[in-house]
Number of protein chains: 2
Amino acid sequence: MTDLETYRHPALAIDLVILAIHDGHLCAVVLPRDDLGKETYALPGGFVHHDQSLDQTVARVLAEKTGLTGLAFEQLATYGDPARDPRGHVVSVAYLALLPAPLRAAGLPLAEIRVTWPGEAGGPASAHLKGTPLRLAFDHAAILGDTVKRLRGKIDYSRIAFSLLPARFTLRQVQEVHEAILGRPLLKPAFRRKLLDRGILRDTSEMQTGNAHRPAALYELVPPTLE
Amino acid sequence: MTDLETYRHPALAIDLVILAIHDGHLCAVVLPRDDLGKETYALPGGFVHHDQSLDQTVARVLAEKTGLTGLAFEQLATYGDPARDPRGHVVSVAYLALLPAPLRAAGLPLAEIRVTWPGEAGGPASAHLKGTPLRLAFDHAAILGDTVKRLRGKIDYSRIAFSLLPARFTLRQVQEVHEAILGRPLLKPAFRRKLLDRGILRDTSEMQTGNAHRPAALYELVPPTLE
DNA sequence: TCAAAAGTGTTGATACTACACCCATGG
DNA sequence: CCATGGGTGTAGTATCAACACTTTTGA
């Protein structure tokens with residue numbers, strides 16, 4: 001076996017796709033990176049230190065670059081093209097984290113972007129900041145595209161949609177999250193029934209108030225029974 | 001930015017889950033690794049060299065350790081627990097490759113194992129060689145478990161099942177592949193119809209011969225139209 | 001009283017399950 | 001002519017899309 005320490009191998013990093021719903025659009029946290037070009041942005045990321053697990057690294061980078069702690073995350077995929085980083089060979093493991101709606105306004109020093117989607121198939125995503133297209137560094141447009149594809153595939157049977165919502169939410173809010181991720185409108189009655197039939201929501205007897213229309217019932221997620 | 005070359009970071013490797021159907025069971029290629037313990041086996045793997053892409057590394061390891069070339073593969077997930085390899089911190093990207101039925105007998109210098117599955121939920125897989133349980137090195141049991149879970153999730157809408165079959169096959173053979181991956185029997189009429197309704201098979205006008213029953217029609221996969 | 005959004009009922013179409021049955025071949 | 005597996009028909013059920021409709025609030 002080769003000596004692990006002296007062997008020349010690529011550097012290892014993690015990149016974070018931190019998503020939130022803003023104005024009915026799916027948005028990702030990006031950081032300005034003027035060192036990589038004018039008006040260039042990149043996903044938050046950082047190197048994996050020796051003897052640190054990937055999960056530890058994600059938690060560290062989350063805290064250091066965004067100040068967020070205690071967020072759930074899951075691994076997406078690993079990108080290893082030697083040319084993806086002009087500074088050298090850096091293999092990066094992409095992770096997904098979801099930002100519950102109330103955390104958005106917590107004064108984060110972060111730019112937010114819109115992720116649009118050309119057509120229904122795969123491919124890189126395009127990013128917009130306040131309506132104008134955004135230049136993304138490295139292969140981060142491809143990472144965002146893969147992320148949305150993955151989200152669309154599992155939103156129906158997983159609980160990820162609720163990670164983008166506050167602890168108590170209306171059914172319409174859940175529908176908005178689904179529509180933002182799928183990029184198309186959904187029919188309200190069908191959506192409501194399918195959601196309630198899953199048996200994962202409990203109707204708190206509280207109501208949303210302050211709107212100029214009939215108040216909506218507030219639901220909460222019941223903890224998962226061991227599957 | 002830290003100097004990429006002198007920075008101390010984990011080593012990077014890839015591991016291969018090479019699957020085939022044998023005797024109606026899902027099997028994976030493993031290699032004996034007496035250096036890691038008595039009667040211990042591991043998935044084929046190798047280190048990622050500097051300035052080599054992950055795909056290049058997979059192709060290289062496939063050729064070096066199994067002699068296989070030209071096989072399609074796809075990324076599974078990345079495992080980075082510092083304790084997963086007792087020799088040091090090695091982060092490994094797992095890849096899946098599928099072995100078409102006729103290649104199985106091509107005199108590969110490889111042991112094959114059965115991967116059984118306890119229950120329906122996730123968790124590590126258990127491996128068996130000729131009926132007796134097998135000791136797997138590292139976290140390779142977990143990798144195999146995750147792989148089967150992933151396969152089950154996408155077998156219905158992807159073409160992976162056909163990568164385990166020869167170029168021409170009977171519908172029953174396709175069903176056997178699905179049953180091996182899902183670990184449960186399927187109803188023949190429903191399976192046939194769903195498969196044919198996908199419109200991805202063409203009926204070659206040839207028939208399977210030599211069996212003591214009605215001959216089955218041989219089908220072939222039509223190339224995917226750009227999705 | 002009106003606008004707006006919450007929430008429910010109904011209907012036709014589609015897809016799936018489960019079983020019964022027929023067909024073609026080797027022995 | 002029998003055993004074996006290939007291949008098809010059908011009836012009952014669950015699911016889903018689409019639309020119409022009623023309800024409840026703030027202004």
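Below, read A as the first sequence line, B as the second, and so on, with proteins coming before strands; counting in each chain starts at 1.
Contacts of A/Thr170 classified as side-chain contact (heavy atoms from CB on, under 4.5 Å), with partners at least two apart in sequence or in another chain: A/Arg172, A/Gln173, A/Gln208, A/Ala216, A/Leu218. Contacts of A/Ala28 classified as side-chain contact (heavy atoms from CB on, under 4.5 Å), with partners at least two apart in sequence or in another chain: A/Leu19, A/Ile113, A/Val115, A/Leu144. Every residue two or more places apart in sequence or in another chain was checked for a side-chain hydrogen bond (donor to acceptor under 3.5 Å, both in side chains) with B/Arg193, and none qualifies. A/Arg168 meets the salt bridge (Lys or Arg N to Asp or Glu O under 4.0 Å) test with A/Glu206, A/Glu220; sequence neighbours excluded.
In the model, B/Ser92 has a side-chain atom that pairs as donor or acceptor with a side-chain atom of B/Asp15 under 3.5 Å.
Counting to the nearest Å, the C1' atom of C/dA18 and the CZ atom of B/Phe191 are 17 Å from each other. Between the CG atom of B/Asp156 and the C1' atom of C/dA15 there is a distance of 14 Å, rounded to whole Å. Distance, B/Lys188 NZ to C/dT17 P: 16 Å, rounded to whole Å.
At a non-hydrogen distance threshold of 4.0 Å, B/Ala212, B/His213, B/Arg214, B/Pro215, B/Ala216 from residues 201-216 of chain B come into contact with DNA chain D.
Within the 4.0 angstrom heavy-atom criterion, only backbone atoms of the sugar-phosphate kind lie near B/Arg172; the bases stay farther away.
Between B/Arg193 and the phosphate of C/dC16, there is no side-chain N or O to OP1/OP2 separation shorter than 4.0 Å.
Between the side chain of B/Lys194 and the base of C/dA15 there is no donor-acceptor pair of N/O atoms closer than 3.5 Å.
Chain B approaches DNA chain D within less than 4.0 angstrom (heavy atoms of the protein), and the contacting nucleotides run 5' to 3' from D/dT4 to D/dT10.
With hydrogens and angles disregarded, a donor-acceptor distance shorter than 3.5 Å links the side chain of B/His140 to the backbone of B/Leu43. Without hydrogens or angle criteria, B/Thr132 side chain to B/Leu129 main chain gives a donor-acceptor distance under 3.5 Å.
Ring centers of A/Phe162 and A/Phe169: under 6.0 Å apart, within the cut-off.
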